Protein chains: 2
Amino acid sequence: MTGDELVSLLAALASPHRLRILAALTDGRTYVSELARRLRMNRPLLYMHLQKLEAAGLVTGELVTAADGSSVKYVEAVPFVVTLDLDAIAAAAPTVTLPGPAADKGK
Amino acid sequence: MTGDELVSLLAALASPHRLRILAALTDGRTYVSELARRLRMNRPLLYMHLQKLEAAGLVTGELVTAADGSSVKYVEAVPFVVTLDLDAIAAAAPTVTLPGPAADKGK
DNA sequence: TCCGGCCGTCAGATTTCTCTGACACCCCCC
DNA sequence: GGGGGGTGTCAGAGAAATCTGACGGCCGGA
């Protein structure tokens, strides 16, 4: 795993909402609106968090179109295991791209 | 470990700079200014990151006063091991305090 | 006395992340 | 046609994290 991937993964997990989302998905897959109700959060907000989790590879979304034509998006948690310690960090650190000096010389 | 502690830990690690800091400290302890030079970052910035790492319990600082009276602050990485998976998250999620609706009813 | 190195902190500008409300579109049932 | 439930996206307000430059204090050596 590259350093950037590790940072993305950690950033994705370092959020109360996203932790709760993942926890709710351990009970099995659900669709977005139902999940929003269960967690008591606005759908747009939930969408943002789901996108981050999906970008980090922690959840997968599947848009299912029923026989009648109505669509429902099911979300599912992706199993994973990551062990964090100083060695893992030392191995990943050399491959991180730092924030960049925001090289905005263009006065 | 509580959910909030987990979030703090992850937030502390989810940063390119802080990853590099920890990696640099695996070579052994150093003092702040030397570390700033090695990582090519401003000292105040390094200070902020060190404080976050220290708050998360990932590093310890020790202000050493030499025989001649000059002071140097040594920084050291604290060994740790954390395994992340869905079970760990499901266990921690119920104990997180969410951002709060910023209950600012006071119009 | 004037440098040089180190520590610690501050105000302030910037960038990034969060969160909300509103909108457009699709489908079925009354 | 008028609800009700779904998905998906947008602009913009608000809060939080990041980064820089400057200041002040302490100590030794030229």
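The structure displayed is predicted, hence computed values, not measured ones.
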Using OP1 and OP2 only, check whether a side-chain N or O of B:N42 sits under 4.0 Å from D:dC19.
no
For A:M41, answer base if it contacts any base atom (sugar-phosphate contacts may also be present), sugar-phosphate if it contacts only those atoms, and nothing otherwise; contact means non-hydrogen atoms under 4.0 Å.
nothing
Has B:Y31 got a side-chain N or O lying under 4.0 Å from the OP1 or OP2 atom of C:dC7?
no
Under 4.0 Å between a side-chain N or O of B:H49 and OP1 or OP2 of D:dC19?
yes
What nucleotide, of C:dC19, D:dT9, D:dC19, holds the atom closest to the side chain of A:Y47?
D:dT9
What nucleotide, of C:dC19, D:dG8, D:dC19, holds the atom closest to the side chain of A:K73?
D:dG8
For each nucleotide in nucleotides 25-30 of chain C, reading 5' to 3', give B when a protein heavy atom comes within less than 4.0 Å of its base, S when such contact involves only the sugar-phosphate, and - otherwise.
--SS--
Of C:dT18, D:dT18, C:dG8, the nucleotide closest to the side chain of B:L63 is C:dG8
Send over the distance from A:L45 CG to D:dC10 C1', rounded to a whole Å.
15 Å
Round to the nearest Å and state the distance from A:L53 atom CG to C:dT18 atom P.
11 Å
Rounded interatomic separation in angstrom, taking CZ from A:R37 and C1' from D:dG4:
11 Å
Distance check: side-chain N/O of B:S33 vs OP1/OP2 of C:dC7, anything under 4.0 Å?
yes
Smallest heavy-atom separation, A:L13 atom then B:L84 atom, equals CD1-CD1, 3.9 Å
Between D:dG4 (P) and A:E34 (CD): distance, integer Å:
19 Å
Specify the closest pair of heavy atoms between B:Y31 and B:Y74, including all atoms of both residues, with the distance to one decimal.
N-CD2, 4.0 Å
Give me the atom names and distance for the closest heavy-atom approach of B:L22 to B:A77.
CD2-CB, 4.5 Å
Find the distance between CG (A:L63) and NZ (A:K73) and round it off to the nearest 0.5 Å.
7.5 Å
B:R43 versus B:S33, closest heavy-atom pair with distance
CD-OG, 3.4 Å
Could you tell me how far apart B:L50 (CG) and D:dA17 (C1') are, to the nearest whole angstrom?
16 Å
Between D:dT20, C:dA22, C:dC7, which one does the side chain of A:P44 approach most closely?
C:dA22
Could you point out which residue of A:R20, A:H17, A:R18 forms a side-chain hydrogen bond (donor to acceptor under 3.5 Å, both in side chains) with A:H49?
A:R18
Whole-Å distance separating the CE atom of A:M48 from the C1' atom of D:dT9:
12 Å
For A:L46 and D:dG6, give me the distance from atom CG to atom C1', rounded to whole Å.
14 Å
Distance-minimising heavy-atom pair for A:T97 and A:D4:
N-OD1, 3.1 Å
Is there a side-chain polar atom (N or O) of B:K52 under 4.0 Å from OP1 or OP2 of D:dA17?
no
Are A:L39 and B:V7 connected, step by step, through hydrophobic side chains (Ile, Leu, Val, Met, Phe, Trp, Tyr) whose heavy atoms are closer than 4.5 Å?
yes
Distance in angstrom units between B:Y74 OH and C:dG8 C1', rounded
18 Å
Return no unless some side-chain N or O of B:R43 is found under 4.0 Å from OP1 or OP2 of D:dA22.
no
